[in-house]
Amino acid sequence: MKINDLLVKDVMIMDLKATTKEAAIDEMIQSLSEHGRINDPVVFKEGIMKREAQTSTGLGDGIAMPHAKNKAVNEATVLFAKSTTGVDYASLDGQPAFLFFMIAAPEGANDTHLQALAGLSRLLINPDFVASLKQATTPEDVQQLFAVAEKEHEEAEAKEETARNEAPVESNKPFVVAVTACPTGIAHTYMAEDALKKKAAEMGVDIRVETNGSEGVKNRLTDEEIARASGVIVAADKNVEMNRFDGKHVLERPVSDGIRKTEELITKAIHSEAPIFHANGEKSDASENEKTGSVWSKIYKDLMNGVSHMLPFVVGGGILMAISFLVENTMGDKSEAFLFLNSIGGNAFNFLIPILAGFIAMSIGDRPGLMPGMVGGLMAVNSGAGFLGGLAAGFIAGYIIVGLKKLFSKLPKTLEGIKPILLYPVIGLLLIGIVMYFIIDPIFGSINKAMLDFLENLGTGNAVLLGALLGGMMAFDMGGPFNKAAYTFSIGVFTDTGDGKLMAAVMAGGMVPPLAIALASTIFKNKFTADERKSGLTNYILGLSFITEGAIPFAAADPLRVIGSSVVGAVIAGGLTQFWGISIPAPHGGIFVITLANHALLFLFALAIGTAISAMILGVWRKPVIEK
């Protein structure tokens with residue numbers, strides 16, 4: 001498939017009117033929708049904005065490549081758009097964007113489509129080609145330029161491949177290897193590949209680049225190439241296979257650096273100016289990213305690894321337990337259906353803390369940390385140390401394994417094989433057992449009991465403040481650290497006590513942002529664009545389902561107003577749930593588990609008050625939009 005098969009003339013916009021980033025995105029999505037290339041503009045935009053939230057697709061040099069691959073796409077399409085005045089797109093170089101390539105890939109995009117999209121990304125590295133595109137005036141001009149450039153690129157690649165196969169290895173010429181990867185694997189992966197290859201040729205450096213894109217791993221590096229390389233460049237925004245680089249100088253950077261900072265990366269790689277990577281974690285120097293990062297960011301990453309693996313148990317077990325309570329109300333607590341569903345949900349809940357602790361430990365100490373972490377978590381459950389003890393178990397087990405790796409780093413190479421199968425499991429388990437049995441379980445058992453006693457004896461005023469705090473945290477970053485901290489804390493209390501009061505607060509707080517946006521876009525129509533009003537309708541469903549992330553596209557586009565108004569309503573809703581003593585014994589489900597609440601109507605009333613207040617603030621705060 002040729003690039004021009006995807007670069008459809010009908011959807012091109014040769015004179016983009018938008019002057020802001022979101023307006024440009026909306027204008028391009030509208031063209032895709034009008035020509036039947038996508039079937040759901042709201043879902044497609046959510047994919048676009050989610051990618052933008054990771055890092056701007058404004059690549060610099062006047063080019064932006066917003067892209068998404070999801071179920072809203074009918075047919076793989078590349079929309080070309082050109083702005084005469086430029087758009088403030090929050091590009092990596094801080095300059096306006098003039099050329100836009102909106103890539104719409106269907107969920108099941110085949111290799112042919114993906115190869116064509118990769119080819120498009122590679123062509124945009126050529127500044128002469130980009131300059132020609134800026135002068136194009138018709139869709140036919142654009143397609144002609146791509147046809148010529150694609151042919152020239154294919155011929156150049158064929159010559160390069162022939163030369164590489166025929167020419168002997170030059171031992172005196174610097175040689176480096178690289179891996180490029182981005183989360184969607186459509187554009188940045190291949191742009192970084194070509195940028196590195198082009199700069200290496202200019203510098204007289206041999207380079208081999210492996211791409212980890214949507215079409216899978218291409219040009220996989222061989223063991224011989226890795227061994228021969230002076231250094232390794234990993235320009236990636238997602239995990240790539242790292243153990244093969246054991247003992248090599250590895251430079252880990254974002255994929256955007258592989259596009260814009262090629263000379264710096266190659267220079268450091270050929271001079272081995274990068275930390276030595278150790279696959280087993282022993283004596284590992286921190287990567288440059290880790291050196292510049294905070295201790296909190298590392299702790300948060302490890303904690304989220306545990307939480308993300310725990311959540312399926314929370315949701316699956318919690319929903320089945322909620323259904324079992326519904327069955328109990330109608331069929332009684334002796335019915336087979338109730339016992340069956342409650343047993344499944346309860347068994348899933350029994351894994352929560354061990355899974356949390358195990359995967360925290362695994363994030364810190366790699367695979368050897370999983371087993372001692374899980375056992376430490378289980379000991380915390382059995383001793384009454386509860387959720388807090390499980391957290392401690394995960395971090396302690398992880399760092400025990402890190403310590404053991406350093407301790408055994410001097411063992412002879414002949415004993416390498418016994419470390420993961422004997423030394424780490426046995427000694428790691430023994431040490432975490434000692435720490436948990438004699439220190440953590442007694443201490444955290446007492447702390448956990450005191451905390452639960454405190455929560456049970458909270459006065460109304462303090463309970464309202466706690467509910468308001470948790471509700472506000474749920475809305476503050478809509479799925480980020482504050483949201484996860486509030487939700488995780490409430491889950492911990494729920495699993496330890498079975499009391500769903502705090503779950504009512506976080507559920508109300510998490511439901512307010514999408515519902516408030518939906519309501520505001522319905523009432524204040526002149527304050528939202530047509531596409532935003534369509535997205536608002538979707539947020540009714542997401543909000544009622546307790547999916548706070550539905551508000552993220554709006555928050556990304558207008559953070560101050562959306563987050564500010566959402567937090568106010570969520571604080572009020574969360575506080576009201578505690579003022580009225582509402583309890584929901586289910587960790588998820590939103591409106592679908594409302595019948596389990598002890599005061600279902602009061603919960604709905606608290607939710608409605610918080611939503612209405614947020615919607616009014618947002619609607620009044622926003623300025624009217626002028627539809628083009």
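We use all heavy atoms of the structure for the numbers below, so side chains are in, but hydrogens, waters and symmetry mates are not.
Side chain of S272 to backbone of S230: a donor-acceptor contact under 3.5 angstrom is found. Side-chain atoms of K527 come within 3.5 Å of backbone atoms of R622 as a donor-acceptor pair (strictly under, hydrogens ignored). For the pair Q143 (side chain) and L7 (backbone), a donor-acceptor distance under 3.5 Å is present. Checked by atom type and distance alone, the side chain of R533 pairs as donor or acceptor with a backbone atom of K525 at under 3.5 Å. Listed for the S521 side chain is a donor-acceptor partner under 3.5 Å among the backbone atoms of A518. With hydrogens and angles disregarded, no donor-acceptor distance shorter than 3.5 Å links the side chain of S33 to the backbone of I29. S31 contributes a side-chain N or O that, together with a main-chain N or O of V11, makes up a donor-acceptor pair within less than 3.5 Å. H249 places a side-chain N or O within donor-acceptor distance of the main-chain N or O of A274, the cut-off being under 3.5 Å. In this structure a side-chain-to-backbone donor-acceptor pair under 3.5 Å is present from N74 to G36.
The shortest heavy-atom contact between T548 and M474 is CG2-O, 4.0 Å. Of all non-hydrogen atoms in L519 and Y540, the two that sit nearest each other are CA-OH, 3.5 Å. Across G204 and P174, no two heavy atoms sit closer than the pair O-CD, 3.9 Å. Of all heavy-atom pairs between N70 and V43, the closest is ND2-O, 3.3 Å. Considering all non-hydrogen atoms of both residues, T262 and I259 come closest at CG2-O, 3.9 Å. In plain terms, the two heavy atoms of A23 and A18 that are nearest each other are C-CB, 3.5 Å.
To the nearest 0.5 angstrom, L6 atom CG is 10.5 Å from F146 atom CZ. To the nearest 0.5 Å, atom CD1 of residue I226 and atom CZ of residue R208 are 10.0 Å apart. In this structure, OG1 on T529 lies 5.0 Å from CG on D26, to the nearest 0.5 angstrom. Atom CD1 of residue I48 and atom CD1 of residue I103 lie 9.0 Å apart, to the nearest 0.5 angstrom. Once rounded to the nearest 0.5 Å, the distance linking CD1 of I266 with CD of E264 reads 11.0 Å. Between atom CD1 of residue I270 and atom OG1 of residue T267 there is a gap of 5.5 Å, rounded to the nearest 0.5 Å.
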Worksheet entry | Residue pair V209, N219: steps toward the side-chain contact (heavy atoms from CB on, under 4.5 Å) verdict | CA-CA 7 Å; V209 184; N219 305 317; over 6 Å; no
Practice prompt. Output, in order, the C-alpha distance, side-chain angles, deciding distance and verdict of salt bridge (charged side-chain N to carboxylate O under 4.0 Å, His left out) for K45 and E22.
Written response: CA-CA 10 Å; K45 183 178 178 180; E22 186 170 12; 2.6 Å; yes
Worksheet entry | Derivation and outcome, side-chain contact (heavy atoms from CB on, under 4.5 Å), residues E150 and N4 | CA-CA 9 Å; E150 187 174 20; N4 277 332; 5.7 Å; no
Fill in: side-chain contact (heavy atoms from CB on, under 4.5 Å) evaluation trace for M49 with I25
CA-CA 9 Å; M49 299 307 291; I25 289 172; 3.9 Å; yes
Worksheet entry | side-chain contact (heavy atoms from CB on, under 4.5 Å) between D558 and W621, worked out | CA-CA 11 Å; D558 190 7; W621 200 351; over 6 Å; no
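Using a 4.5 Å heavy-atom threshold, the side chains of V8 and H35 count as separate. In this structure, K623 and R561 have side chains that are in contact, with non-hydrogen atoms separated by less than 4.5 Å. Annotation: side chain of V78 is not in contact with side chain of F80 (no heavy-atom distance under 4.5 Å). Residues L79 and R37 fail the side-chain proximity criterion, which asks for heavy atoms closer than 4.5 Å.
Around atom NZ of K151, no more than 12 heavy atoms belonging to other residues, nucleotides or ligands sit under 6.0 Å away. Counting heavy-atom neighbours within 6.0 Å of M14 CE, excluding the residue itself, gives a total above 12. At most 12 non-hydrogen atoms from other residues, nucleotides or ligands lie less than 6.0 angstrom from CG of D223. For F98, the CZ atom sits in a packed shell: over 12 heavy atoms of surrounding residues, nucleotides or ligands are nearer than 6.0 Å.
The cationic group of K248 does not satisfy the cation-pi geometry with F277, failing either the under 6.0 Å distance to the six-membered ring centre or the 45° limit from the ring axis.
The list of salt bridge (charged side-chain N to carboxylate O under 4.0 Å, His left out) pairs with a residue in residues 137-146, not counting sequence neighbours, reads K9-E140. Each salt bridge (charged side-chain N to carboxylate O under 4.0 Å, His left out) pair with one or both residues in residues 80-92, not counting sequence neighbours, would appear here, but there are none.
Using a 4.0 Å cut-off between charged side-chain N and carboxylate O, E225 and R244 make no salt bridge. Comment: E193 does not engage K218 in a salt bridge, judged by the lack of any side-chain N to carboxylate O separation of less than 4.0 angstrom.
Side-chain atoms of E210 and N212 include a donor-acceptor pair closer than 3.5 Å.
By the ring pair (Phe, Tyr, Trp, His ring centres under 6.0 Å) test, F44 is found to be paired with no residue, residues two or more places apart in sequence or in another chain being considered.
Residues Y89 and F100 bring their aromatic ring centres within 6.0 Å.
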